[in-house]
Amino acid sequence: MLKILLVEDDKDIADMISQWMEAENCSVEVTHDGLTGYEFLRLGSFDVAILDWNLPGMNGIDILKKYRANGGSIPILLLTAQNLIENKVAGFDAGVDDYLTKPFHILELHSRVKSLARRPKEVVSDIIRIKNLELDRGNYRLTKDGEPIHLQRRDFELLEFLMSHPKETFSTESLLQRLWGLSAETSAGTIRTTIRRIRQALGESADDDNSIIENVRRVGYRIRS
């Protein structure tokens with residue numbers, strides 16, 4: 001399943017794209033402003049990002065420049081009504097991988113997204129090691145002291161995200177947004193329950209002060225590294 005970030009301030013267009021992509025078995029995270037979009041792009045784990053050019057807070061070109069300047073490598077497609085050649089050059093100079101002008105056909109957008117997702121990615125290790133834990137993203141595998149640990153899908157996703165950002169603390173709402181989106185099916189209790197299951201699977205008590213997942217009081221959660 002492709003995981004897509006869509007940053008589009010026109011909610012009708014965003015709804016149309018997300019509904020089509022989800023019907024095609026893609027997971028789509030949607031946000032409508034540039035500042036939030038940049039944070040999602042910086043902290044999330046996506047196969048492809050779709051950015052509108054004109055966004056409130058931070059436009060698509062500025063997101064591109066900042067993201068690429070900080071080493072970001074996710075393939076990015078830029079959506080825009082700007083169809084002049086100098087606009088396209090500005091987009092590619094900023095680091096965009098593909099460019100589609102509005103109005104567009106959803107079939108073409110879908111085809112381009114699939115093409116970007118198939119491009120060879122940078123060689124990045126799928127293995128994350130913190131203390132006595134080893135998480136293999138590629139093979140969906142977790143071990144503790146070399147012994148396999150079974151986690152439910154949601155538990156694995158949360159632990160993978162936290163282990164991928166070992167020096168950062170995330171609020172409950174931030175974790176929900178980045179992992180599963182805010183919906184009727186998720187709540188603050190979802191995060192607490194998921195962390196409790198992870199601790200149990202790792203042989204830790206539910207409120208263990210020495211747990212690999214640290215509860216930073218009134219702030220959120222982070223990995224003890």
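Start at 1 with the first residue, then count along the sequence. Computation of the quantities below employed the complete heavy-atom set of this structure, encompassing side-chain atoms and omitting hydrogens, waters and symmetry-equivalent molecules. Just so we're clear, the structure is a prediction, and the values are computed from it rather than from any experiment.
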* Could you give all pairs that pass the salt bridge (charged side-chain N to carboxylate O under 4.0 Å, His left out) test and reach residues 57-70, with sequence neighbours left out? -> Arg68-Asp97

* With sequence neighbours excluded, residues passing side-chain contact (heavy atoms from CB on, under 4.5 Å) with Thr143 -> Glu134, Arg141

* Asked: Quick check: does any side chain N or O of Ser211 sit under 3.5 Å from a backbone N or O of Glu214, one acting as donor and the other as acceptor?
  -> no

* Structure fact -> Tightest non-hydrogen contact, residues Ile128 and Ser164, listed as CD1-OG, 3.4 Å

* **For the student: nearest non-hydrogen atoms of Val30 and Ser18, plus distance** => CG2-CB, 3.9 Å

* Asked: Can you tell if the side chain of Leu43 reaches within under 4.5 Å of the side chain of Glu168, non-hydrogen atoms only?
  -> yes

* So, for Leu151 and Ala201, which heavy atoms are closest and what is the spacing to 0.1 Å? -> CD2-CB, 3.5 Å

* **Nearest-0.5 Å distance, CD of residue Gln200 to CD1 of residue Ile198** => 11.5 Å

* Asked: Thinking salt bridges, do Arg42 and Glu39 make one under a 4.0 Å N-O criterion?
  -> yes

* Answer yes or no: is there a donor N or O on one side and an acceptor on the other, between the side chain of Ser115 and the main chain of Ser111, under 3.5 Å? => no

* To do: Output yes when a side-chain donor or acceptor of Arg112 lies under 3.5 Å from a complementary backbone atom of Tyr99, and no otherwise.
  => yes

* To do: Examine Leu100 and Met16 and state if one hydrophobic cluster contains both, with Ile, Leu, Val, Met, Phe, Trp and Tyr joined whenever side-chain heavy atoms are less than 4.5 Å apart.
  => yes

* Asked: Rounded to the nearest 0.5 Å, how far does CG of Asn132 lie from CG of Asp145?
  -> 4.0 Å

* Structure fact -> Looking only at heavy atoms, the pair that brings Thr169 and Gly220 closest together is CG2-C, 4.0 Å

* **Donor-acceptor pair, side chain of Tyr67 and main chain of Ile74, under 3.5 angstrom** => yes

* To do: Check for a donor-acceptor pair, side chain of Ser174 on one end and backbone N or O of Phe170 on the other, with a separation under 3.5 Å.
  => no

* Asked: Hey, does the side chain of Arg222 reach the backbone of His165 with a donor-acceptor pair shorter than 3.5 angstrom?
  -> no

* To do: In sequence, state the C-alpha distance, the side-chain angles, and the governing distance for Leu142 and Asp136, and then conclude on side-chain contact (heavy atoms from CB on, under 4.5 Å).
  => CA-CA 6 Å; Leu142 175 71; Asp136 184 340; over 6 Å; no

* Asked: Under the side-chain contact (heavy atoms from CB on, under 4.5 Å) criterion, do Leu51 and Leu77 qualify, and how do the steps go?
  -> CA-CA 6 Å; Leu51 305 181; Leu77 183 145; over 6 Å; no

* **Co-membership, hydrophobic cluster, residues Trp53 and Phe92, 4.5 Å side-chain** => yes

* **Reported CG-to-CG distance for the pair Leu64 and Leu41, which is rounded to 0.5 angstrom** => 8.5 Å

* Asked: Ring centroid separation for Phe46 and Phe40, is it under 6.0 angstrom?
  -> no

* Nearest 0.5 Å, what's the CG-CG distance between Leu202 and Leu133? -> 5.5 Å

* Rounded distance (nearest 0.5 Å) linking atom CD of Gln152 with atom CG of Leu159 -> 13.5 Å

* Stepwise side-chain contact (heavy atoms from CB on, under 4.5 Å) check, Ile17 with Met21 -> CA-CA 6 Å; Ile17 294 173; Met21 294 295 181; 4.1 Å; yes

* Give the cluster check for Leu162 versus Val219: same hydrophobic cluster or not, with ILVMFWY residues linked at side-chain heavy-atom distances below 4.5 Å. => no

* Structure fact -> Taken to the nearest 0.5 Å, the spacing of His110 NE2 from His105 NE2 works out to 13.0 Å

* Do the ring centers of Tyr140 and Phe156 come within less than 6.0 Å of each other? -> yes

Which donor-acceptor pairs under 3.5 Å do the side chains of residues 2-15 make with protein atoms, sequence neighbours left out?
{"from": "Glu8", "atom 1": "OE1", "to": "Lys102", "atom 2": "NZ", "distance (Å)": "3.1"}
{"from": "Glu8", "atom 1": "OE2", "to": "Asp10", "atom 2": "N", "distance (Å)": "2.9"}
{"from": "Asp10", "atom 1": "OD1", "to": "Asp12", "atom 2": "N", "distance (Å)": "3.0"}
{"from": "Asp10", "atom 1": "OD1", "to": "Ile13", "atom 2": "N", "distance (Å)": "3.2"}

* Asked: Linking I/L/V/M/F/W/Y whenever their side-chain heavy atoms sit closer than 4.5 Å, directly or via other members, would Ile191 and Val216 fall into one cluster?
  -> no

* **CA sep, side-chain torsions, deciding dist, call: Ile76, Val48, side-chain contact (heavy atoms from CB on, under 4.5 Å)** => CA-CA 6 Å; Ile76 294 175; Val48 178; over 6 Å; no

* Asked: Do the side chain of Thr36 and the main chain of Asp33 share a donor and acceptor less than 3.5 angstrom apart?
  -> no

* Near Glu22 CD, under 6.0 Å, is it more than 12 heavy atoms from other residues, nucleotides or ligands? -> yes

* Heavy-atom closest pair, residues Arg199 and Asn215 -> NH2-N, 4.2 Å

